[in-house]
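Worksheet: the structure to be examined is printed underneath.
In what follows, chains are A, B, ... by sequence order, proteins preceding strands, each numbered from 1. As the structure is a prediction and not an experimental result, all values here were calculated from the model.
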Amino acid sequence: MSEMSAQSRGMRDVLLRNFRAMKGRAYPRIIGMNREPSWLFFDTLMPILSIAAFVYIYKAMNAPPQYIGYVIIGGAMTAYWMNVLWAMAAQLYWEKEIGNLQLYAIAPVSTMSVMAGMAVGGAFSTTIRAVSTILVGIMIFNVKFSMASPLLLTGIFVFTMIALYGMGMMFASLYMLWGREAWHISEVLTEPVYLLSGFYFPVKYLGTGVATIAALIPLTLGLDGMRQLLFPYAGDGFIPATHELLILTVLSAIFLVLAHYFLNYMETLAKKEGRLTLRWQ
Amino acid sequence: MTSVKTVHLSRTFKAKKKDGGGIVQALRDVSIEINKGEIFGVLGPNGAGKSTLIKILCTLLLPTEGKAYVAGYDVSRDYRKVQEKINMVSGGETSGYGLLTVRENLWMFSQMYNIPSKAAKENIDRLLKEFDLYEKRNERVRTLSTGMRQKMNMIRGFMTDPEIIFLDEPTLGLDVGASRIIRNFITEWIREHPERTVLLTTHYMAEAEELCDRIAIIDNGRVIALETPENLKKLVTTEFPFTMVATGVGHPERVRELVGNATWKENDEGALKFSMILEDESIIADLVSMIVEEKGKIIHITKREPTLEDVFIKLVGRGLD
Ligand SMILES: Nc1ncnc2c1ncn2[C@@H]1O[C@H](COP(=O)(O)OP(=O)(O)OP(=O)(O)O)[C@@H](O)[C@H]1O
Ligand SMILES: [Mg+2]
């Protein structure tokens, strides 16, 4: 009995400890990333410019009106993809260069909670950007969204985020192992993912085979689900939104478990090979 | 009470191909024991293995052979337990996030150690004052000078109240003022907390001599001496370097006849400055009476203390740097 409560107190202590670490690591992303007002220009107006390009192409093609909404949602959501690629996957590499990685590694918390802090902070700051992009898009291009199933919509969004950032954490450990070469992977992945995940158009039109493979990128089903719910009349969905939510939940679990496993593996290997620190420090 | 212990500790690395490949032996069979309350110094030339030792003790690197215990825990197996007891600061560290202020950065790192925010902030402010950095608390980290940055790093290490702190060349590249503040802090800290332990590596002889209770000199991964600074210096005290300044010495060559190996030159005030190495200090008495006989006047005689530098040169066969 008393042993049990000691155990649960120990458990609570570990949870609190890791929660604090997560909060600490999220802070620079929440405060730091929004401290210089120039982000408003670069992170909101730049996406609007590329969105505008597609909007005018679709207008010239006489595409159905919901396509303008698709592009706005796609443009906003790809901000998360950029954030995951460059500020999650490639992040540990930076942290090592600066000398932060070794400090996280000697702290009595799991690397996973430090990564979770990065994810929460990154997702928060990116959300501010995504929302501003959507608002500006709505104003300029006069798009009407349907808000028929807010719960399902929120569910899809949240699990898209968990799965996406979970994938980012998993990549982060791989990048640590591969070092500089991994950067090129980020570069190579950027554009094809735009295409595959349906930034430009609904994935349905990629064909079932390609779309199924693309569904491994959490962004794909997330985007498809959100578009279906926001433009229910269009009928451009790949599979029913409820199924997408289910698959996203499973993907979230898989990516988080894999991230945990890879991070542990990476850390142990790096301690064996002396790769957690820069050599000259 | 032992706080750090290594048993036949060795570490090898695969050398980079461009460095010719092969194996680098960074630590060889290191067995040391460090007690609570000690400031323990590790002194050695570049590449001696100082940082490698610290990294193993801080759970950043696994040993290839042997064992290491910190606060009684095995660094390879119980690393989480070790981590709760330690912290580490390196010289030239560029950690933190440039967009955050000094205070925010420190707070962020405190959160990795399960310190409630309020307590952390109070502690940070107190240390900021002690390190004379309080004025800069709201400046962005990227605007700090090297010295300020290192003070911030020191606060980062000490704010978690570690049982054992590892300092890897903490005053590397700092000016006299900043180094002084850091050294004073270290000695004060251990005086106020006699149950804590400091392990520091350094390049600076004077620093090791001033701060450390015991010093391990390592070269090529091996501990070649482990002693108190006084005992280390005894290794080279079989000779006594003396200087004597005197006026009115008509026949300086008589000094040489007496002590055997004196050299002299005239200084700006017209006095003669003799340098000599005495094998037996008792000859000083004869020297003094001889000068008096000559109607000369001794202005001063000084015995130069051997320095750790002398010890180091004797043991390693070359100087530091
Ligand atoms: N990660 C690594 N991979 C390969 N070799 C390494 C690694 N880390 C250290 N070494 C080598 O191990 C030896 C000891 O290095 P270490 O950094 O411990 O020396 P040090 O005494 O701290 O030197 P310095 O005074 O330059 O800081 C050196 O030859 C170094 O090149
Ligand atoms: Mg070093």
Exercise for review: For the pair Ser110(A) and Arg80(B), evaluate side chain to side chain contact (heavy atoms under 4.5 Å, CB included) and give the outcome as yes or no after the intermediate values.
Suggested key: CA-CA 9 Å; Ser110(A) 91; Arg80(B) 204 53 103 213; 3.8 Å; yes
Residue among [options] with most heavy-atom pairs under 4.5 Å to chain A:
options                                 : answer
Gly47(B), Gly96(B), Gly98(B), Ser110(B) : Gly96(B)
Glu104(B), Lys85(B), Met88(B)           : Glu104(B)
Lys81(B), Arg140(B), Gln83(B)           : Gln83(B)

Check your understanding: In terms of heavy-atom pairs under 4.5 Å with chain B, which of Gly24(A), Pro108(A), Ala26(A) leads?
Key ->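 Highest number of pairs under 4.5 Å: Pro108(A).
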Review point. Under a 4.5 Å heavy-atom cutoff, which of Ala270(A), Pro28(A), Ala105(A) has the most pairs with chain B?
Key: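 Looking at each option in turn, the highest pair count goes to Pro28(A).
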Report which part of [X] has an atom under 4.5 Å of a heavy atom belonging to chain A: side chain, backbone, both, or neither.
X         : result
Thr101(B) : both
Ile56(B)  : neither
Pro116(B) : both

Which answer fits [X], side chain, backbone, both or neither, if we ask what part of it has an atom under 4.5 Å from a heavy atom of chain B?
X         : result
Leu276(A) : side chain
Ser113(A) : neither
Tyr104(A) : side chain

Spacing of [X] atom [atom1] and [Y] atom [atom2] [to the nearest 0.5 Å]:
X         : Y         : atom1 : atom2 : result
Leu62(B)  : Glu273(A) : CG    : CD    : 11.0 Å
Lys272(A) : Leu61(B)  : NZ    : CG    : 12.0 Å
Asn153(B) : Leu103(A) : CG    : CG    : 8.0 Å
Ile106(A) : Lys55(B)  : CD1   : NZ    : 12.0 Å
Leu60(B)  : Glu267(A) : CG    : CD    : 9.5 Å
Ile31(A)  : Met108(B) : CD1   : CE    : 13.5 Å

Review point. How about Leu100(B) and Tyr27(A): do any of their side-chain heavy atoms sit closer than 4.5 Å?
Key: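 The answer is yes; the side chains approach within 4.5 Å.
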Check your understanding: Under 4.5 Å between any side-chain heavy atoms of Asn114(B) and Asn18(A), yes or no?
Key ->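 Sidechains of Asn18(A) and Asn114(B): no contact.
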Check your understanding: Hey, which residues of residues 3-14 of chain B are touching chain A, say heavy atoms under 4.5 Å apart?
Key ->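 Only Arg11(B), Phe13(B) of residues 3-14 of chain B have a heavy atom under 4.5 Å from chain A.
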Are there more than 12 heavy atoms of other residues, nucleotides or ligands under 6.0 Å from atom [atom1] of [X]?
X         : atom1 : answer
Phe255(A) : CZ    : yes
Phe185(B) : CZ    : yes
His193(B) : NE2   : yes
Glu139(B) : CD    : yes
Lys136(B) : NZ    : no

Exercise for review: Kindly say whether Ser95(B) contributes a backbone atom to a donor-acceptor pair with the side chain of Asn100(A) at under 3.5 angstrom?
Suggested key: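 It does not hold such a pair.
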Check your understanding: Donor-acceptor pair, Arg20(A) side chain versus Met112(B) backbone, under 3.5 Å?
Key ->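 No; zero donor-acceptor contacts below 3.5 Å.
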Review point. Hey, are Tyr97(B) and Glu95(A) close enough side-chain-wise for a donor-acceptor pair under 3.5 Å?
Key: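 Yes, because at least one side-chain N or O of Glu95(A) sits under 3.5 Å from a partner of the opposite role on Tyr97(B).
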Check your understanding: Of Arg17(A), Arg25(A), Lys23(A), which is the lone residue that meets side-chain contact (heavy atoms from CB on, under 4.5 Å) with Gln111(B)?
Key ->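 Checked Arg17(A), Arg25(A), Lys23(A) against Gln111(B); only one passes side-chain contact (heavy atoms from CB on, under 4.5 Å): Lys23(A).
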